[in-house]
Amino acid sequence: MAISRDDIAAVLDEIALLLEIKGENPFKTRAYRNGAETVRNYDGDIVKKAAANELDGIKGIGKALQEKLHELASTGELKFHQNLRAEFPEGLFDLFGIQGLGPKKVRALYDQLGVDSIEALKTACTDGSAAGLPGFGKKSIEKLLEAIALKEQFADLFRLGDIAPIAESMLENLRQHPDSLRVEIAGSYRRSKEVLHDIDFLVATPKPAEMTEYFSQLPEVDSVIVCGSTKASVRLANGLQCDLRAVSNEQFPFALQYFSGSKEHNVALRSRALKHGWSLNEYGFTPKDKTSPAAPAVKEEADIYRILELDRIPPELRENRGEIEAAEAGEIPRLVELENLRGTFHNHTTASDGKNTLEEMAEAARDLGLQYLGIADHSKSQFQANGLYPDRLLKQVAAIQELNQSWDDFQIFTGTEVDILKDGSLDFEDDVLEQLDYSVASIHGSFQLPEKEMTARIIKAMENPHVTMIGHLTGRLLLRREGYAVDVDKVIDCAIRTGTIIELNCNPRRLDMDWRHWQRARDKGLMTSINPDAHATEQLQYLAYGIRLARKGWLRREDVLNCMTLDEVQRWLKLPKEQRMRA
DNA sequence: CTTTCTCTAAAGTGCACTGTGGCCAGTGC
């Protein structure tokens with residue numbers, strides 16, 4: 001198979017990393033990183049051009065990179081890269097996944113202690129040998145051990161957004177099979193958990209052995225763990241385990257309910273079934289004793305809930321967090337749906353660190369059927385992200401106002417993702433902010449503040465009348481970094497008091513504020529905005545993850561700002577802050 | 001390594017934070 005654009009970019013990135021360890025000229029390493037970005041974003045078939053050696057005139061690809069790209073595209077390999085790679089052991093790359101380790105420290109560990117893997121790093125930290133290196137004090141060692149523990153804890157976990165595409169493609173493949181009557185993904189994927197450790201497929205079929213066999217040979221499968229007559233487990237190239245269970249069409253609703261979990265939800269449901277005189281498991285209802293009524297007919301999963309005198313409970317809510325009580329009382333809310341979204345806030349353009357222009361982002365939003373798009377590029381403190389100074393911001397505002405003349409059914413809102421500085425003040429003065437339609441205030445630095453100060457910092461930002469919403473409340477990066485210490489309840493109360501939205505950042509790396517807080521916050525009256533934090537047109541699709549997590553947080557259409565129509569949201573943005581939060 | 005240029009040599013994102021080591025280096029945004 002021919003080498004892909006992403007493969008080429010990955011090679012360039014890896015070269016940059018290796019040159020960094022070698023202590024090469026930082027501008028050289030940056031040139032390779034820029035090259036990788038250029039390859040990824042090039043508008044046209046850059047692989048074909050590279051193969052034909054026609055790369056002249058592409059900004060960021062000079063003579064040396066042209067030659068390397070040509071070699072890569074035409075032979076699929078690069079001598080320079082292979083030689084460089086051969087200088088270092090394989091495991092060294094894993095070390096860069098540890099927070100606090102950069103090229104210099106990796107180099108020191110490798111050169112002086114021979115540390116070439118996470119395992120070796122752990123040893124060097126615990127046996128005291130790392131403590132002998134310059135720059136490695138007591139606190140550094142402690143932090144490294146913490147980072148290793150964090151990494152181990154996340155070792156076999158995957159982010160929802162990273163596996164959804166492959167899960168859906170496998171689902172589609174299974175549905176194609178002539179012997180599959182019904183196919184669903186159960187488990188935590190169906191419940192829209194933000195991180196998962198496996199995917200559970202379920203198929204109703206008259207020929208279970210054929211289905212498990214077919215499953216274990218899907219193109220996505222890397223290796224087969226087990227393949228029996230009703231169950232198969234496989235591993236994908238990325239390490240993710242996938243299970244398939246094949247059941248009869250009659251058992252399917254029970255199996256779907258059972259394997260969707262959560263375990264806690266099922267325990268509660270089973271005890272409810274017992275009160276009705278049946279035991280409930282993945283195969284069906286079984287009368288408990290002679291006095292029990294006959295087991296009722298079940299055609300689909302919803303029947304199980306109906307028979308137990310419950311509203312149908314959407315899978316996202318099945319965490320035993322009050323959903324059974326709500327279903328009993330007929331109080332399962334009508335959860336928000338993707339179709340309810342009318343627009344979105346918090347999106348970036350090429351003005352700061354986005355990959356697409358204002359015009360391209362707007363077109364993409366229109367193509368998705370949205371009525372409005374909020375632009376929120378970074379503010380000046382985000383230097384590395386090309387954050388805007390007031391002059392550039394105001395130029396952008398003028399450009400947006402001009403662009404808005406070209407539509408009567410669509411509008412761009414002018415905004416900013418303004419940094420909340422260490423003391424809670426903002427990166428723009430009020431006289432700048434008041435010229436915008438809205439603003440998202442976010443924290444991008446000083447992550448280590450103690451909880452009290454961090455909470456006060458956010459509260460101070462929310463008290464500013466020009467702050468429309470708070471971006472990614474805890475700053476967590478799923479499976480990478482814990483959120484900063486913040487008293488979420490205090491912040492929620494302050495948000496309601498001041499009329500400030502807390503966004504549901506639906507970038508799959510964040511999904512922040514966490515779903516576990518939303519039901520409580522909603523009950524108190526808080527509203528959210530489901531924001532993709534898109535840095536490219538295709539990332540507007542992250543809204544789908546936002547909807548999944550909003551549903552998991554019990555949110556309804558009326559809890560979500562960007563479910564408002566264009567007219568409604570225009571009116572809402574003109575209200576003084578204290579009148580914005582609905583009663 | 002690439003771009004730019006008083007065009008074959010120089011400049012090329014800046015800052016805060018952290019911890020350590022003795023006032024700076026590395027990391028991350």
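Heavy atoms only: backbone and side chains are in, while hydrogens, waters and symmetry mates are out.
- By the side chain to side chain contact (heavy atoms under 4.5 Å, CB included) test, A:Y189 is found to be paired with A:L160, A:A164, A:A167, A:E168, A:I185, A:L196, A:R548, residues two or more places apart in sequence or in another chain being considered.
- For residues 42-62 of chain A, proximity to DNA chain B is found at A:I58, A:K59, A:G60, A:I61, A:G62, defined as any non-hydrogen atom under 4.0 angstrom from a strand atom.
- Among the protein residues, A:S446 comes within range of the sugar-phosphate backbone only, with heavy atoms under 4.0 Å from sugar or phosphate atoms but none that close to a base.
- If you check every strand for non-hydrogen atoms under 4.0 Å, A:Q448 touches sugar and phosphate atoms only.
- Evaluation of the ring-ring contact (aromatic ring centres under 6.0 Å, His included) test over residues 449-495 of chain A, restricted to residues two or more places apart or in two chains, returns A:H444-A:H472, A:F447-A:Y484.
- Each of A:T500, A:T455, A:I470, A:L526 was checked for a side-chain contact (heavy atoms from CB on, under 4.5 Å) with A:V491, and the lone residue meeting it is A:T455.
- The salt bridge (Lys or Arg N to Asp or Glu O under 4.0 Å) test applied to A:D377 returns no partner, not counting sequence neighbours.
- If you measure from atom CD of A:Q66 to atom P of B:dC1, you get 13 Å, rounded to the nearest angstrom.
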message: Treating primed atoms plus P, OP1 and OP2 as sugar-phosphate and everything else as base, which nucleotides of nucleotides 19-29 of chain B get B, S or - for protein heavy atoms under 4.0 Å?
response: SSS----SSSB

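- When the salt bridge (Lys or Arg N to Asp or Glu O under 4.0 Å) test is applied to A:K139, no partner is found at least two apart in sequence or on another chain.
- Using a 4.0 Å heavy-atom criterion, one finds that A:K380 contacts no nucleic acid atom at all.
- For the pair A:E20 CD and B:dC1 P, the computed distance is 15 Å after rounding to whole Å.
- Residue A:L17 contributes atom CG, which lies 17 Å from atom C1' of B:dC1 at whole-angstrom precision.
- Closest heavy-atom contact between A:L157 and A:H197: CD2-CB, 3.5 Å.
- Screening residues 504-515 of chain A for side chain to side chain donor-acceptor pair (under 3.5 Å), with sequence neighbours left out, gives A:E194-A:W515, A:T474-A:D512, A:R476-A:D514, A:E503-A:N505, A:N505-A:D533, A:D514-A:R516.
- Between A:F27 atom CZ and B:dG12 atom P there is a gap of 7 Å when expressed in whole angstrom units.
- Atom CD of A:E67 is separated from atom P of B:dC1 by 10 Å (rounded to the nearest Å).
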Could you pull out the protein-nucleic contacts involving nucleotides 7-11 of chain B (nitrogen or oxygen on both sides, under 3.5 Å)?
none

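- Distance check on atom C1': B:dC1 versus B:dT8 gives 16 Å, rounded to whole Å.
- A straight line from CG of A:L69 to P of B:dC1 spans 13 Å, rounded to a whole angstrom.
- Of the possible polar contacts, none joining the A:T528 side chain to the A:I530 backbone as a donor-acceptor pair under 3.5 Å is found.
- No more than 12 heavy atoms of other residues, nucleotides or ligands sit less than 6.0 Å from atom CD of A:E402.
- If you check residues 423-432 of chain A against DNA chain B, you find no residue with a heavy atom closer than 4.0 Å.
- A:N34 has its CG atom 11 Å from the C1' atom of B:dT3, to the nearest Å.
- Note on A:E90 versus A:R85: salt bridge recorded, some NZ/NE/NH1/NH2 to OD/OE distance being below 4.0 Å.
- A:R40 pairs by the salt bridge (Lys or Arg N to Asp or Glu O under 4.0 Å) definition with A:D13, A:E37, not counting sequence neighbours.
- Applying the ring-ring contact (aromatic ring centres under 6.0 Å, His included) definition to pairs two or more places apart or across chains, none involves residues 131-160 of chain A.
- Whole-Å rounding puts the A:K28 NZ to B:dT3 P distance at 16 Å.
- Atom CD of A:E538 has more than 12 heavy atoms from other residues, nucleotides or ligands within 6.0 Å.
- Applying the salt bridge (Lys or Arg N to Asp or Glu O under 4.0 Å) rule to A:E359 yields no partners; only residues at least two apart in sequence or on another chain are considered.
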